[in-house]
Asks: 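Next up is a structure, given as structure tokens.
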Amino acid sequence: MPLWSRMKISQKGLYALQAMMMLARHYNQGAIRIRDIAYEEVLPEKFLELILLELKNARIVESVRGAKGGYQLRRPPADIPLSEIIRLIDGPLAPFGDAEQLRSLIDRDVEHRALYQIFLDVRDAAAKILEHTTLADILNPKARKAGRGKKAEAKLVPITTAGNPRRVKED
């Protein structure tokens, strides 16, 4: 597979993330039926069944039988990083392919080494974000921002240039 062809998450990956977000919203409230997940998240039920089976086999969700049956998370949302879900459904984290392939290109292709190093840096940054972002974080983005440490956030101030309003960072 060419290096550049893995720039997007698959539709299946997006469906898996949507379903997991719903299960996270209802964590500790019992199992949710596939039909209800599909309806609330506007997902194809048959496809969702296959996705949830994969997540179950990976021990990320569990199924509950019976009248109140369905699926639920096996762990708290704060213990499930997005990277785990994406890697399960779509394989190595994108963009720009896997790290080993990029490292090999950096070693082999001296003329384009700097370009491949940039791609590796982008891939590593994306992977780090996905590895350190949990289902709980995306359900409560304000808490995630607050937990990022003592870094001061850049202020945005409006400016106008040649009649074109824009926002820029203030130093």
Side-chain angles (χ1 to χ4, degrees), residues 1-106 116 118-149 151:
M1 180 177 296
L3 182 64
W4 329 113
S5 66
R6 303 176 80 172
M7 298 263 242
K8 294 195 293 187
I9 186 169
S10 71
Q11 192 65 51
K12 183 179 178 184
L14 286 173
Y15 288 169
L17 289 168
Q18 286 179 258
M20 292 295 288
M21 287 177 65
M22 182 183 175
L23 292 176
R25 280 193 303 273
H26 296 282
Y27 183 68
N28 278 338
Q29 297 175 7
I32 312 282
R33 295 181 313 168
I34 291 175
R35 175 177 296 136
D36 295 333
I37 298 169
Y39 178 79
E40 188 171 315
E41 293 296 325
V42 191
L43 303 175
E45 192 173 328
K46 290 293 181 192
F47 196 32
L48 182 59
E49 250 179 77
L50 299 172
I51 292 168
L52 288 168
L53 185 59
E54 268 187 76
L55 292 164
K56 178 186 171 190
N57 290 337
R59 302 180 58 79
I60 298 172
V61 301
E62 61 188 2
S63 62
V64 177
R65 295 180 186 261
K68 295 190 179 195
Y71 284 87
Q72 60 191 18
L73 298 180
R74 287 182 61 97
R75 304 188 309 262
D79 293 345
I80 303 173
L82 300 183
S83 60
E84 184 177 354
I85 301 161
I86 294 169
R87 279 189 178 113
L88 173 70
I89 301 298
D90 285 337
L93 295 177
F96 304 118
D98 67 57
E100 273 315 304
Q101 182 184 14
L102 286 167
R103 285 188 192 99
S104 174
L105 287 167
I106 289 167
Y116 295 129
I118 293 295
F119 290 157
L120 180 61
D121 293 346
V122 169
R123 183 252 164 238
D124 289 347
K128 184 177 179 182
I129 291 167
L130 293 170
E131 287 165 358
H132 291 93
T133 304
T134 67
L135 288 172
D137 293 329
I138 57 176
L139 293 179
N140 189 359
K142 289 180 184 174
R144 181 173 191 267
K145 257 187 181 175
R148 285 186 182 168
K151 288 183 187 176

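Any value given below was found using the heavy atoms of this structure, including those in side chains, with hydrogens, waters and symmetry copies removed. As the structure is a prediction and not an experimental result, all values here were calculated from the model.
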Asks: Rounded at 0.5 Å granularity, tell me how far CD in Glu45 sits from CG in Leu43.
Replies: 10.5 Å
Asks: For Asp79, give me all partners under salt bridge (charged side-chain N to carboxylate O under 4.0 Å, His left out), at least two apart in sequence or on another chain.
Replies: none
Asks: Return yes if some donor-acceptor pair links the side-chain N/O of Asp90 with the main-chain N/O of Ile9 below 3.5 Å, else return no.
Replies: no
Asks: Ion pair present between Lys46 and Glu49, side-chain N to carboxylate O less than 4.0 angstrom?
Replies: yes
Asks: Does the side-chain contact (heavy atoms from CB on, under 4.5 Å) test come out yes or no for Ile51 and Phe47, once each step is laid out?
Replies: CA-CA 6 Å; Ile51 292 168; Phe47 196 32; 4.3 Å; yes
Asks: For Ser63, which residues count as a side-chain contact (heavy atoms from CB on, under 4.5 Å) partner, sequence neighbours excluded?
Replies: Lys56, Tyr71
Asks: Report yes if some heavy atom in the side chain of Leu82 is under 4.5 Å from a heavy atom in the side chain of Leu135; otherwise report no.
Replies: yes
Asks: In Å and rounded to the nearest 0.5 Å, what is the CG to CD1 distance from Leu52 to Ile32?
Replies: 11.0 Å
Asks: Which residues satisfy the side-chain hydrogen bond (donor to acceptor under 3.5 Å, both in side chains) test with Asp36, sequence neighbours excluded?
Replies: Arg33
Asks: So how far is it from Glu131 CD to Arg87 CZ, rounded to the nearest 0.5 Å?
Replies: 4.5 Å
Asks: For Ala78, which residues count as a side-chain contact (heavy atoms from CB on, under 4.5 Å) partner, sequence neighbours excluded?
Replies: Ala136
Asks: Under the salt bridge (charged side-chain N to carboxylate O under 4.0 Å, His left out) definition, can you give me all pairs with a residue in residues 62-73, not counting sequence neighbours?
Replies: Glu62-Arg74
Asks: If you measure from CD1 on Ile86 to CG on Leu130, what distance do you get to the nearest 0.5 Å?
Replies: 4.5 Å
Asks: Do any N or O atoms from the side chain of Asp121 and from the backbone of Ile118 form a donor-acceptor pair under 3.5 angstrom?
Replies: no
Asks: For a quick test of your reading: what N or O donor-acceptor pairs under 3.5 Å do the side chains of residues 12-26 make, sequence neighbours left out?
Replies:
unit_1, atom_1, unit_2, atom_2, d
Lys12, NZ, Glu54, OE2, 2.4
Gln18, NE2, Glu41, O, 3.4
Arg25, NH2, Glu40, OE2, 3.4
Arg25, NH2, Glu41, OE2, 2.4
His26, ND1, Gln29, OE1, 3.0

Asks: My understanding is that only residues two or more places apart in sequence, or in another chain, count here; which of them pass side-chain contact (heavy atoms from CB on, under 4.5 Å) with Glu84?
Replies: Ile60, Arg75, Ile80, Pro81
Asks: On a heavy-atom basis, which atom in Val61 and which in Leu73 lie closest, and how many Å separate them?
Replies: CG1-CD2, 4.1 Å
